[in-house]
Amino acid sequence: MAKSGPHRYRKDMTAIPHTTIGALMESHDALLLDAYGVLVNYEGPLPGARDMIRRLNHAQKPYLVVSNSASRTAERAAAGFQAFGLDITPERILSAGGLLTSYFQECSLQGAACRVLGTGDSRTLVTQAGGQVVGDTDDFDVLVLADQAFEPFWEVFDRTMSRLFKLLESGRQVHLILPNPDLIYPREFGFGVTSGGLAELLEAILERRFPEHPEWRFVRLGKPEPRIFRAAAARMGDGTLIMIGDQLETDILGAQRFGIDSALLLGGVSVSPQGVGISPTYLLHTLAG
């Protein structure tokens, strides 16, 4: 496992040191960067993101964009970053959707009938993992709740939920997979609900309808789960890692559980680290400096 820096277990929130990207580049061997809320938002690149990526590339500093997204392939995500002036290649992107391949291999799900809620790229990611994507009126062995961007939203969600009920009632085993555990994300008017929020809704419904089966829950692949951090550490090799993110419950908690340092970029979903019991190693006010 990658080594952690000296401030991993700091408990006094008022004593969390403020730092800069330059200082983190000096003190850590590789940087893990959240995407939405750190590099970009709905409007485009966030302040300082272009200069930071340019600086990392120029210094040949190892880094990965570690995203909970399952809405885009790495190639399409890289194209989106590059359209915003961020020179990030597909090889530098590790997404929760990209973990579907290893998960399908571990669980011998290649060839399984898969219902996918998400985008066209979400279905591509499942196909690349070895799943056989089926329509919303077909039976399925795997439900992948990849993204909230599907239409018509409630009709598709309700139809999928109803089909899931029938399958479970018939005794069929259905794998429930959630690449992105995020609950909300920033939008132009405030916030929106993500696939993680939809998964918690569906889990609550399953618990009410099938109280004798509390095990019927989604397997979560992305932050804060350790799977995505293990994959990142495997790519980066030995050395000190730091996760830079804007969400305490995913970026910071995941890093804390995995045993690496973290830096909370203020101003995103998590405005302040106070009062939630999750302590970042550092605080960042800006990507500049």
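Predicted, not measured: the structure shown is a model, and the values here were computed from it. Values below: every heavy atom of this structure, side chains too, minus hydrogens, waters and symmetry copies.
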Q: Among residues at least two apart in sequence or on other chains, which ones pass salt bridge (Lys or Arg N to Asp or Glu O under 4.0 Å) with R209?
A: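 Counting only residues at least two positions away or on another chain, R209 forms a salt bridge (Lys or Arg N to Asp or Glu O under 4.0 Å) with E169.
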Q: For A255 and D261, work out which heavy atoms get closest and say how close.
A: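 For A255 and D261, the tightest heavy-atom pair comes out as CB-O, 3.9 Å.
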Q: How about R163 and D136: do any of their side-chain heavy atoms sit closer than 4.5 Å?
A: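 Result no, sub-4.5 Å side-chain heavy-atom pair not found.
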Q: Supply the atom-to-atom distance T20 OG1 to H285 NE2, rounded to the nearest 0.5 angstrom.
A: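 The NE2 atom of H285 is 12.0 Å from OG1 of T20, to the nearest 0.5 Å.
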Q: Testing the basics here: between A96 and G222, what is the closest heavy-atom pair and its distance to 0.1 Å?
A: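 Shortest heavy-atom contact: CB-CA, 3.9 Å.
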Q: How would you list, by chain and number, every residue that makes a side chain to side chain donor-acceptor pair (under 3.5 Å) with T119, sequence neighbours excluded?
A: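 Only S122 meet the side chain to side chain donor-acceptor pair (under 3.5 Å) criterion with T119.
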Q: Would you be so kind as to tabulate the donor-acceptor pairs closer than 3.5 Å made by side chains of residues 31-42, with sequence neighbours excluded?
A:
residue, atom, partner, partner atom, Å
D34, OD1, K223, NZ, 2.8
Y36, OH, Y42, N, 2.9
Y36, OH, P186, O, 3.1
N41, OD1, E43, N, 2.8
N41, OD1, G44, N, 3.2

Q: Applying a strict under-4.5 Å side-chain criterion to I, L, V, M, F, W and Y, I'd like to know whether V116 and L109 cluster together.
A: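 Linked, V116 and L109 end up in one cluster.
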Q: Should L183 and I205 be regarded as members of a common hydrophobic cluster, given that ILVMFWY residues are connected when their side-chain heavy atoms come within less than 4.5 Å of each other, either directly or indirectly?
A: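 Different clusters.
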Q: Take M161 and L202, measure what side chain to side chain contact (heavy atoms under 4.5 Å, CB included) needs, and give me the verdict at the end.
A: CA-CA 8 Å; M161 179 178 65; L202 186 51; 3.7 Å; yes
Q: Looking at residues at least two apart in the chain, or sitting in another chain, which of them share a side chain to side chain donor-acceptor pair (under 3.5 Å) with T194?
A: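 Side chain to side chain donor-acceptor pair (under 3.5 Å) check on T194 returns nothing, list empty.
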Q: Could you tell me which non-hydrogen atom of L164 sits nearest to which non-hydrogen atom of L143, and how far apart they are?
A: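 Here L164 and L143 meet closest at CD2-CD2, 4.2 Å.
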Q: V134 and L100: same hydrophobic cluster, using ILVMFWY side-chain contacts below 4.5 Å?
A: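 V134 does not cluster with L100.
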Q: What pairs of residues pass the salt bridge (Lys or Arg N to Asp or Glu O under 4.0 Å) test when at least one of them lies in residues 60-71, not counting sequence neighbours?
A: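 Checked against salt bridge (Lys or Arg N to Asp or Glu O under 4.0 Å) - neighbours excluded - no pair reaches residues 60-71.
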Q: Are the side chains of F218 and L206 in touch, meaning some heavy atoms are under 4.5 Å apart?
A: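 F218 does not reach L206 side chain to side chain.
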Q: Are V65 and F84 connected in a single hydrophobic cluster, I mean Ile/Leu/Val/Met/Phe/Trp/Tyr linked by side-chain heavy atoms less than 4.5 Å apart?
A: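 Yes, F84 connects to V65 through the hydrophobic network.
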Q: Quick check: do T137 and R159 have side-chain heavy atoms less than 4.5 Å from each other?
A: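 A side-chain contact exists here, since the closest heavy-atom pair is under 4.5 Å.
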Q: Supply the atom-to-atom distance L24 CG to T19 OG1, rounded to the nearest 0.5 angstrom.
A: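 Rounded to the nearest 0.5 Å, the CG-OG1 separation comes to 4.0 Å.
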Q: Using 30° and 60° as the class boundaries, would you call the ring planes of W216 and F210 parallel, tilted or perpendicular?
A: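 If you compare the ring of W216 with that of F210, the planes turn out perpendicular.
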Q: Hey, mind stepping through L125 and T73 against side chain to side chain contact (heavy atoms under 4.5 Å, CB included) and telling me if it holds?
A: CA-CA 7 Å; L125 288 166; T73 62; 4.2 Å; yes
Q: Provide the closest heavy-atom pair for S71 versus D147 in the form atom of the first, atom of the second, distance.
A: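 Where S71 meets D147 most closely, the heavy atoms are CB-OD1, 3.5 Å.
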Q: Test: salt bridge (Lys or Arg N to Asp or Glu O under 4.0 Å). Region: residues 90-108. Which pairs qualify, not counting sequence neighbours?
A: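 Passing the test, one end in residues 90-108: E106-R227.
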Q: I'd like to know whether CD of Q60 has more than 12 heavy-atom contacts from other residues, nucleotides or ligands below 6.0 angstrom.
A: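 Atom CD in Q60 is not crowded, with 12 or fewer foreign heavy atoms closer than 6.0 Å.
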Q: Quick one: pull up CZ in F165 and OG in S170 and give me the separation to the nearest 0.5 Å.
A: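 Those atoms lie 13.5 Å apart.
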Q: What is the distance from atom CZ of R50 to atom CG of L287, rounded to the nearest 0.5 Å?
A: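 Going from the CZ atom of R50 to the CG atom of L287 covers 13.0 Å.
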Q: State which residues pass salt bridge (Lys or Arg N to Asp or Glu O under 4.0 Å) with R220; sequence neighbours excluded, sorted by chain then number.
A: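 Salt bridge (Lys or Arg N to Asp or Glu O under 4.0 Å) check on R220 returns E203.
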Q: Could you tell me whether the side chain of Q148 and the main chain of S195 form a donor-acceptor pair under 3.5 Å?
A: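 Side chain of Q148 to backbone of S195, a donor-acceptor pair under 3.5 Å: yes, one is there.
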Q: Given side chains that start at C-beta, do those of D29 and M236 come closer than 4.5 Å, heavy atoms only?
A: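 Contact flag for D29/M236 side chains = no.
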Q: Calculate, to the nearest 0.5 Å, the distance between atoms CG and CG belonging to D251 and L265 respectively.
A: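 Atom-to-atom, D251:CG and L265:CG are 10.0 Å apart.
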Q: Hey, could you give me each pair passing salt bridge (Lys or Arg N to Asp or Glu O under 4.0 Å) that has a residue in residues 67-82? Not counting sequence neighbours.
A: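 Found R76-D121.
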Q: Output a table of donor-acceptor pairs, distance under 3.5 Å, between side-chain atoms of residues 175-182 and any protein atom two or more places apart or on a different chain; print 'none' if there are none.
A:
residue, atom, partner, partner atom, Å
N180, OD1, D182, N, 2.9
D182, OD1, N68, ND2, 3.0

Q: Quick check on E207: does its CD atom have over 12 non-hydrogen neighbours (other residues, nucleotides or ligands) under 6.0 Å away?
A: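 No.
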Q: Evaluate the criterion side chain to side chain contact (heavy atoms under 4.5 Å, CB included) for residue pair V133 and V144; output intermediate values, then yes/no.
A: CA-CA 10 Å; V133 177; V144 182; over 6 Å; no
Q: How would you list, by chain and number, every residue that makes a salt bridge (Lys or Arg N to Asp or Glu O under 4.0 Å) with R172, sequence neighbours excluded?
A: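 Applying salt bridge (Lys or Arg N to Asp or Glu O under 4.0 Å) to R172 gives D139, D141.
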Q: Between P280 and S262, which heavy-atom pair has the shortest distance, and what is it?
A: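 Smallest heavy-atom distance, with atoms named: CA-OG, 3.4 Å.
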Q: Can you name the side chain to side chain donor-acceptor pair (under 3.5 Å) partners of R54, sequence neighbours left out?
A: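 Only D51 meet the side chain to side chain donor-acceptor pair (under 3.5 Å) criterion with R54.
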Q: If you compare all heavy atoms of F140 against all heavy atoms of L167, which two are closest, and at what distance to 0.1 Å?
A: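 It is O-CD1, 3.3 Å.
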Q: Between V174 and V219, is there a shared hydrophobic cluster once you connect ILVMFWY residues whose side-chain heavy atoms come closer than 4.5 Å?
A: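 Different clusters: V174 never reaches V219 through Ile, Leu, Val, Met, Phe, Trp or Tyr contacts under 4.5 Å.
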Q: When you look at F81 and I53, which way does the side chain to side chain contact (heavy atoms under 4.5 Å, CB included) test go after all the steps?
A: CA-CA 11 Å; F81 286 134; I53 294 299; over 6 Å; no
Q: Please tell me if the side chains of M243 and F229 come closer than 4.5 Å, counting only heavy atoms from C-beta onward.
A: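 In short, these two side chains touch, coming nearer than 4.5 Å.
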Q: Give, for atom OG1 of T281 and atom CD1 of I252, the distance between the pair rounded to the nearest 0.5 Å.
A: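 Going from the OG1 atom of T281 to the CD1 atom of I252 covers 7.5 Å.
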Q: Using side chain to side chain donor-acceptor pair (under 3.5 Å) as the criterion, list what pairs up with N57, not counting sequence neighbours.
A: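 Listed in chain order: Y63.
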